[in-house]
Amino acid sequence: MKTRNFVFQSIEFRYMTIKEQINQLRAELHQHNYNYYVLNAPTISDKEFDDMMRQLQDLEKAHPEYMDTNSPTMRVGSDINKDFRQVYHQYPMLSLGNTYSEDEVSDFYERVKKALNEEFEICCELKYDGTSISLTYEDGKLIRAVTRGDGEKGDDVTDNVKTIRSIPLVLHGNYPPSFEIRGEILMPWNVFEELNREKEAREEPLFANPRNAASGTLKLQNSAIVASRKLDAYLYYLLGNPLPSDGHYENLMAASQWGFKISEHMKKTHSLQEIFDYIKYWDIERKNLPVATDGIVLKVNSLRQQRNLGYTAKSPRWAIAYKFQAERALTRLNQVTYQVGRTGAITPVANLDPVQLSGTIVKRASLHNADIIEGLDLHIGDMVYVEKGGEIIPKITGVDKNARILVGEKVKFITHCPECGSKLIRYEGEAAHYCPNETACPPQIKGKIEHFISRKAMNIDGLGPETVDMFYRQGLIKDTADLYQLRTNNIIGLERMGQKTADNIIKSIEASKQVPFERVLFALGIRFVGETVAKKIAKSFHDIDELAHADIETLTSIDEIGGKIAQSIVSYFKNPANQSLIERLKASGLQFKRNEEDLSGYTDKLAGQTIVISGTFVRHSRDEYKTLIEKNGGKNSGSISGKTSFILAGDNMGPSKLEKAHKLGIRMVNEDEFLSMLS
Ligand code: IVH
């Protein structure tokens with residue numbers, strides 16, 4: 001990677017006015033974003049980028065008069081909750097007619113040929129499988145990003161979209177003064193897989209595919225989380241008047257010069273054969289792309305010809321989608337086995353005759369839960385269809401009932417845990433069955449230990465699932481408290497366990513005794529107590545004993561702790577096995593007390609008040625105000641309602657919020673008044 005000196009480090013920078021410095025940094029950062037996220041060719045290191053960004057943030061903070069909503073600093077998002085405003089599309093967002101066979105593609109081609117009765121070009125493109133977005137630019141600046149919604153109107157998700165680094169906030173080159181560009185927001189496969197791994201560790205439901213993950217992320221209320229999810233975007237449709245050219249392809253090539261990420265895989269074709277070749281090539285090659293695609297889009301290239309062809313009520317006559325066939329295979333179901341997860345959830349797994357599917361050999365597929373098995377009316381020996389589609393885990397989508405010559409035994413969901421024999425339970429409203437034997441069912445024990453040692457919990461290095469499994473099989477650990485009884489001598493000489501590795505593990509276990517109360521709480525693995533809930537609880541109780549004696553009412557009075565979480569906490573502490581585990585962990589010296597120093601600056605001046613922060617501020621950031629509210633006993637809320645005590649109002653408050661506040665007669669407090677309330 002090349003590095004170079006920046007203008008901002010040079011002498012000239014020092015002689016610039018503040019405004020010029022800010023503009024210079026913004027321009028450079030926009031360019032580096034583009035180099036990295038669109039061109040995939042960074043010219044500076046991450047550290048240099050971060051340093052520049054920090055310098056700009058500092059300048060902007062000190063000089064709020066130069067605030068710009070399209071500054072690169074806006075990409076980090078904000079943690080303000082907001083309801084999305086509905087916006088009408090200037091041109092409705094139509095969908096495309098779908099085709100599934102070469103014959104249908106050929107019909108489309110012939111229809112176009114007949115209607116135009118002149119030469120034409122078809123632009124072939126990949127059909128990206130994400131969530132569609134419409135971006136409006138005026139004078140080279142992104143002013144609005146709206147989801148498809150119902151095609152007529154969608155949600156204004158501008159703040160979230162600004163966090164997507166491959167979407168330019170300001171353009172360069174010779175762009176038209178006002179235009180709209182549409183495209184697809186995507187979550188790359190690697191980001192999706194990582195996100196699901198994290199979700200799994202937190203026991204949250206997984207996203208089934210990157211499309212759901214992308215659209216779910218785009219609708220998050222908190223744009224700071226959106227920023228962390230690393231979405232990407234390809235643009236594929238330019239609208240406006242004037243546009244640079246009569247060619248769709250040529251317009252997109254121009255847009256790529258202005259800073260947009262345009263697919264490199266578009267191709268202008270002049271015959272049906274060329275189209276079929278494109279389809280055939282990408283049906284295979286798409287598996288090597290970093291993002292999901294589910295077909296090919298064919299578009300008549302000339303805008304004049306597009307206008308001639310026109311639209312049906314739902315879709316253009318000048319374009320069509322060819323959908324790739326979800327890969328499907330037929331194979332025999334030999335057996336259904338059941339896996340027990342760390343929470344005790346039971347997953348039924350179909351064991352199949354090995355079959356080739358999307359380049360891998362599939363022997364097992366998820367059957368999800370008892371209802372799915374029942375719905376398929378599965379019998380052992382059935383010939384079943386296995387599909388991968390956009391999902392990661394193959395699933396059984398049907399049974400070839402004609403192939404049922406000898407009907408095997410009907411698949412019945414088990415009633416007892418295959419690992420420990422406990423009777424399974426099914427919570428009301430839940431699809432899954434659970435093994436309730438939390439403290440003695442082996443996969444649950446191992447799972448709990450793995451969670452306990454994980455990075456965000458006790459962060460015990462050097463211990464992975466395999467080592468945990470080995471220690472468990474050797475009888476060295478039966479629960480998390482046993483970890484603190486391990487000595488180097490106990491583990492040295494075990495498989496792949498030399499002096500150094502053993503020492504490191506023991507050192508890391510010892511160091512975990514300093515992990516603060518909130519993370520210890522999270523590490524315990526109480527159902528529904530994730531990182532955020534653990535933090536809230538740790539702030540509200542002096543120590544674990546106080547928490548252990550809290551009743552449902554006390555727990556639910558804490559912000560964001562609902563009945564389900566409270567009930568789970570109460571049951572956890574009621575269980576004598578958990579009580580003795582905590583006593584043993586305490587005896588080992590873990591932090592079961594809140595660090596009172598963290599609470600300095602806390603008052604109850606805002607106790608009982610629900611406050612909505614809105615607009616932009618000069619003296620502190622929104623985050624700082626949020627913390628101030630919490631530290632002084634108040635509650636932050638994202639939306640205005642009858643319960644709002646007052647609004648901490650900055651500049652540029654949104655019109656809908658203003659209107660609502662006036663309607664409900666809610667008091668507005670500016671930042672100076674607010675700070676004096678606390679002083
Ligand atoms: S063009 C009027 N091009 O597929 C035509 N769409 O049902 C506007 N899509 O909602 C769409 N890749 O979300 C177009 N290269 C591509 C596309 C594409 C994916 C999506 C888009 C649209 C849906 C069509």
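Predicted, not measured: the structure shown is a model, and the values here were computed from it. Side chains are part of it too, since the values below use all heavy atoms of this structure and drop only hydrogens, waters and symmetry mates. Counting convention: from 1, in listed order, for ligands and their atoms alike.
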>> Salt bridge or not between Asp232 and Lys261? Use side-chain N to carboxylate O under 4.0 Å.
In response: yes
> Under the ring pair (Phe, Tyr, Trp, His ring centres under 6.0 Å) test, which residues partner Tyr37, sequence neighbours left out?
Replying inline: none
>> Can you tell me which residue among Glu121, Lys268, Glu125, Gln306 is in a side chain to side chain donor-acceptor pair (under 3.5 Å) with His248?
In response: Glu125
>> I need the nearest protein heavy-atom contact for atom 11 (C) of ligand 1: residue, atom name and distance, please.
In response: Tyr236 CE1, 4.0 Å
>> So, using side chain to side chain contact (heavy atoms under 4.5 Å, CB included) as the criterion, who are the partners of Leu220 when residues are at least two apart?
In response: Thr217, Ile225, Val226, Arg229
> Between Asn301 and Glu250, does any side-chain donor sit less than 3.5 Å from a side-chain acceptor?
Replying inline: yes
> Which part of Lys299 is near ligand 1, with near meaning a heavy atom under 4.0 Å away: side chain, backbone, both or neither?
Replying inline: side chain
>> Quick test: of every protein heavy atom, which one is nearest to atom 10 (O) of ligand 1, and how far off is it to 0.1 Å?
In response: Ser132 OG, 3.8 Å
>> Heavy atom to atom 4 (O) of ligand 1, shortest distance: which of Arg148, Gln306, Lys127, His248 holds it?
In response: Lys127
>> Suppose we measure from atom 12 (N) of ligand 1 to each protein heavy atom; which comes out shortest, and what is that distance?
In response: Tyr128 N, 3.0 Å
> Any idea which protein heavy atom is nearest atom 15 (N) of ligand 1, and the distance to it?
Replying inline: Glu125 OE1, 2.8 Å
> Is NZ or CZ of Lys219 both nearer than 6.0 Å to the six-membered ring centre of Phe84 and within 45° of the ring axis?
Replying inline: no
> Against heavy atoms of Ser95, which atoms of ligand 1 measure under 4.0 Å?
Replying inline: 7 (O)
>> For atom 5 (C) of ligand 1, tell me which residue out of Ile185, Leu96, Leu252, Leu186 has the closest non-hydrogen atom.
In response: Leu96
>> Evaluate Tyr237 for polar contact with ligand 1, using N/O atom pairs at a separation under 3.5 Å.
In response: no
> Which atoms of ligand 1 have any heavy atom of Leu126 under 4.0 Å away?
Replying inline: 12 (N), 15 (N), 16 (C)
> Which one holds for Thr131 and ligand 1: side chain close, backbone close, both close, or neither close, with close meaning a heavy atom under 4.0 Å?
Replying inline: neither
> Within a strict 4.5 Å, meaning less than it, do heavy atoms of the Pro242 and Phe179 side chains meet?
Replying inline: no
> Should Ile262 and Val38 count as side-chain neighbours, where that means a heavy-atom distance under 4.5 Å?
Replying inline: no
>> I need the nearest protein heavy-atom contact for atom 13 (O) of ligand 1: residue, atom name and distance, please.
In response: Glu184 OE1, 2.7 Å
> At a non-hydrogen distance cut-off of under 4.0 Å, which region of Pro316 contacts ligand 1 (side chain, backbone, both, or neither)?
Replying inline: side chain
> Any N or O of Leu94 that comes nearer than 3.5 Å to an N or O of ligand 1?
Replying inline: no
>> Any carboxylate oxygen within less than 4.0 angstrom of a Lys/Arg side-chain nitrogen, looking at Asp294 and Lys323?
In response: yes
